[in-house]
Amino acid sequence: MPSVELVGITKKYGGITAVEDASLHIEDKEYVCIIGPSGCGKTTLIKCISGIIEPTEGEVYIDSRPMKNVPIQDRGIGYVFQEIALFPHMDVYENVAYGPTVKGWGDPETKRLVEEMLNMMALGERVRDQPSILSGGARQKTAIARALASGSLLLLLDEPLGSLDVKVRGILRHELRRMVKDLDLTAVHVTHDQVEAMAVADRIVVMKAGRVVEVGTPLQLYLHPKSLFTANFVGEANFLVGEELEKTSDGVKVMVDGAVLRSSGQVDFKDEKVVLAIRPEFVAMRKARMVKGAWRGRIENRAFVGSTVRYEVRTGNGALIVIRRPFSPDAYVWKSGDSVSLVFPPRSVLLYPYPKGGLEKEISIE
Amino acid sequence: MPSVRLVNLTKRFDKITAISGLDLEMEDGEYLCVLGPTGSGKTTLLRLIAGIIQPDEGSIFIDGELVNNVAPQKRNTAYVPQDYALFPHLSVLENVAFGPISRGHSRKDAYATSMEMLNMTRLAWRADSFPNELSGGMQQRLALARGLASDSNLLLLDEPLGALDARLRVELRYKLRDLVKNRGFTAIHVTHDQEEAMVVGDRIAVLRNGRIRQVSIPFTVYNEPKSIFVADFVGGANFLEGFIAEGDQNGSWVQLRRGLVLRIRETGYSPGERVVLAIREEMTEITKRTRRREEINLFSGTVESTIFLGSFLVYEILLKNGDMVNSRVPVHLDKKRISSGERVYVRLKPGAIKTYLYPQGGLLRELEVI
């Protein structure tokens with residue numbers, strides 16, 4: 001059964017280090033996503049697992065077997081790329097049947113497997129269509145069905161939904177996870193889309209500049225990110241730089257541009273300069289009157305985003321705070337220009353030491 | 001200043017009608033988003049307005065002037081195509097400054113404006129690079145900067161953020177809107193991303209099969225979708241099939257599959273009429289227990305799965321009659337921590353349910369985007 005173990009993987013291209021000392025354990029039947037901005041090394045890493053790229057240093061194990069010198073076709077993997085690589089002269093059925101046929105499976109067995117995959121991907125009506133007349137979504141579904149029909153228990157997905165419309169992506173990511181779980185596969189899925197990663201993955205690996213920054217469940221990474229980079233990359237967050245005032249029994253008081261904020265974060269670092277992070281939906285907004293511990297501000301901008309409304313509030317001390325509120329037609333919707341009080345629940349205010357290279361550089365997504 | 005008016009615009013490619021009798025009016029200074037799935041005709045529409053292709057029927061007015069026979073370069077539009085069309089032999093800065101300089105601006109002015117646009121698109125640090133040294137996302141930002149720096153007041157943007165990483169896309173859309181508004185551009189921005197459309201557009205035109213299905217402000221498109229397709233494409237919803245059972249002056253009763261009965265506020269339907277009910281995922285309420293089992297529109301079901309998506313969670317609930325209902329709960333309000341397999345009650349508020357006649361080609365056909 002395929003578990004995947006990466007030990008100290010480094011890949012260099014001339015003077016450029018694409019991946020640096022990446023170690024990772026993926027359990028059998030686990031769905032793991034690798035996310036990060038372009039150029040972070042996520043594609044290089046998955047190509048090291050597949051064997052398309054030989055790492056400069058380190059070792060890849062699949063099912064506890066070292067993969068050094070094991071060619072791609074002998075690693076027991078199904079692979080789906082962003083660039084849809086179907087055989088143009090074969091119809092949908094023949095494309096999906098290609099793997100099992102090459103492996104020399106008997107016809108009835110191939111037929112049954114292929115049909116099962118086509119049905120699971122709801123491609124039944126398309127079996128005799130050539131790839132050229134399919135929509136992008138249908139082509140990518142065919143590519144996924146083909147990878148699944150190969151019988152491989154380890155599925156590698158490199159931006160499998162990257163070329164598709166948002167709406168189609170939303171539908172297919174759901175299908176993808178269901179298939180992987182129903183068939184008891186192990187999946188490694190590379191994406192730049194953090195919402196997609198949260199929707200499909202059991203665990204997410206966050207990469208930046210060739211290194212693994214953090215690994216965790218979607219919930220951990222969103223609610224309790226260990227690093228500022230993750231806090232910024234897996235969802236919107238407000239970042240405030242401040243000076244630590246005092247430690248209290250339940251956290252810490254921080255001075256931010258003349259105003260006090262409380263965080264229940266634990267301080268195990270000595271620096272006085274800290275960064276606070278809070279997600280837009282955790283900031284509470286009230287009518288402007290003196291609320292104890294609240295910040296006063298004025299709404300500068302309002303954007304209606306369907307199920308939520310996003311506000312930008314300029315506070316008295318000059319900070320611009322982004323706030324997200326659920327929308328319902330019968331609830332009050334604040335307007336630009338409204339004066340408001342902002343409440344930051346200490347439990348949702350995350351605390352980090354101020355990064356050595358500066359905040360901007362630390363959370364940069366380029 | 002450019003207003004845009006399209007009258008009965010039609011464009012065919014062989015047997016395919018890409019744009020079909022399309023009418024649209026835009027005010028000067030308006031930011032319009034054209035939203036639709038792949039193949040809906042979005043790019044064709046932009047290319048018609050830019051003058052790159054000619055319509056088979058209909059008229060295009062820019063700033064009140066009929067431009068059907070006006071050459072593209074004389075239409076005073078800045079078209080930013082999906083494939084960027086950058087000058088490979090010019091640096092990033094020179095690419096952006098090319099337009100202003102060729103229109104007679106001084107080098108100094110042109111470079112100043114260009115640097116401002118490169119700052120906005122976060123490319124200033126690559127000003128001396130050449131296009132082939134940039135990533136796909138950077139090339140797209142360069143094309144956008146070039147469009148913004150041109151003197152044209154009518155911007156035609158084809159998926160201007162499409163090649164960017166999801167996280168950067170979200171960040172830049174707010175900046176893009178600010179910039180277009182601050183500089184007083186009229187803009188048509190094509191996208192398949194409904195959230196992007198809601199954030200950047202003053203109005204949204206939802207396009208499908210070459211026709212505009214609805215055009216209005218984002219709020220209205222989201223809250224008053226005129227069709228099942230628009231409800232699904234913009235925001236998504238739970239769709240339940242049923243038949244009108246009976247009605248009174250305050251609403252109607254709808255018979256769902258396997259005898260489940262639901263109350264809606266809408267009237268004017270006749271008993272026996274086949275309908276589709278739409279309710280947004282966030283307008284459903286889940287409770288673990290209830291005191292009043294007989295409450296209207298309260299249905300018991302089982303949580304099939306929980307999907308955590310960051311700022312919210314989605315519970316998939318299987319109702320007893322086999323219908324699925326998704327319920328979306330903002331993460332900061334999710335105190336219940338319901339697990340898969342648990343029995344729950346779902347409340348579908350009558351006032352939040354939209355009713356549509358069952359579509360002629362079937363519900364699946366109406367929802368099709370793949």
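Per chain, numbering begins at 1; letters A, B, ... match sequence-line order.
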Less than 4.5 Å to any heavy atom of chain B: does that hold for the side chain of [X], its backbone, both, or neither?
X      : value
A:V234 : neither
A:Q140 : neither
A:R169 : side chain
A:R325 : side chain
A:L164 : backbone
A:R178 : neither

Derivation and outcome, side chain to side chain donor-acceptor pair (under 3.5 Å), residues A:R324 and B:S311: CA-CA 9 Å; A:R324 201 179 273 280; B:S311 57; 5.0 Å; no
Just how far is it from atom [atom1] of [X] to atom [atom2] of [Y], taken to the nearest 0.5 Å?
X      : Y      : atom1 : atom2 : answer
B:D165 : A:F233 : CG    : CZ    : 6.0 Å
B:R167 : A:I363 : CZ    : CD1   : 8.0 Å
A:R173 : B:I307 : CZ    : CD1   : 8.0 Å
A:D165 : B:F233 : CG    : CZ    : 6.0 Å
A:E196 : B:L309 : CD    : CG    : 11.0 Å

Within 6.0 Å of [atom1] in [X], more than 12 heavy atoms from elsewhere:
X      : atom1 : value
B:I16  : CD1   : no
A:I133 : CD1   : yes
A:K181 : NZ    : yes
B:D128 : CG    : no

Before you tell me yes or no, could you show the steps for B:H192 and A:V168 under side-chain contact (heavy atoms from CB on, under 4.5 Å), namely the whole-Å CA-CA distance, both residues' side-chain angles and the distance that decides it to 0.1 Å? CA-CA 10 Å; B:H192 58 75; A:V168 179; over 6 Å; no
Do [X] and [Y] have side-chain heavy atoms sitting under 4.5 Å apart?
X      : Y      : value
B:E196 : A:V166 : no
B:L168 : A:H192 : no
A:S307 : B:R328 : yes
B:E171 : A:I365 : yes
B:Q194 : A:K167 : no
A:V305 : B:Y222 : no

Parallel, tilted or perpendicular, as decided by the 30° and 60° cut-offs, for the rings of B:F219 and A:F304: tilted
Against the six-membered ring of B:Y174, is A:R310 placed for a cation-pi contact (under 6.0 Å from the centre, within 45° of the normal)? yes
What part of B:N223 lies closer than 4.5 angstrom to a heavy atom of chain A: side chain, backbone, both or neither? side chain
Need one label for B:E224: side chain, backbone, both or neither, based on atoms under 4.5 Å from any heavy atom in chain A. neither
Please answer whether the main-chain N or O of B:A166 pairs with a side-chain N or O of A:D193 as donor and acceptor at a distance below 3.5 Å. no
Test item: A:R279 side-chain N/O and B:H332 main-chain N/O as donor-acceptor pair under 3.5 Å: no
Any idea which heavy atoms bring B:L333 and A:P326 closest together, and the distance? CD1-CG, 4.2 Å
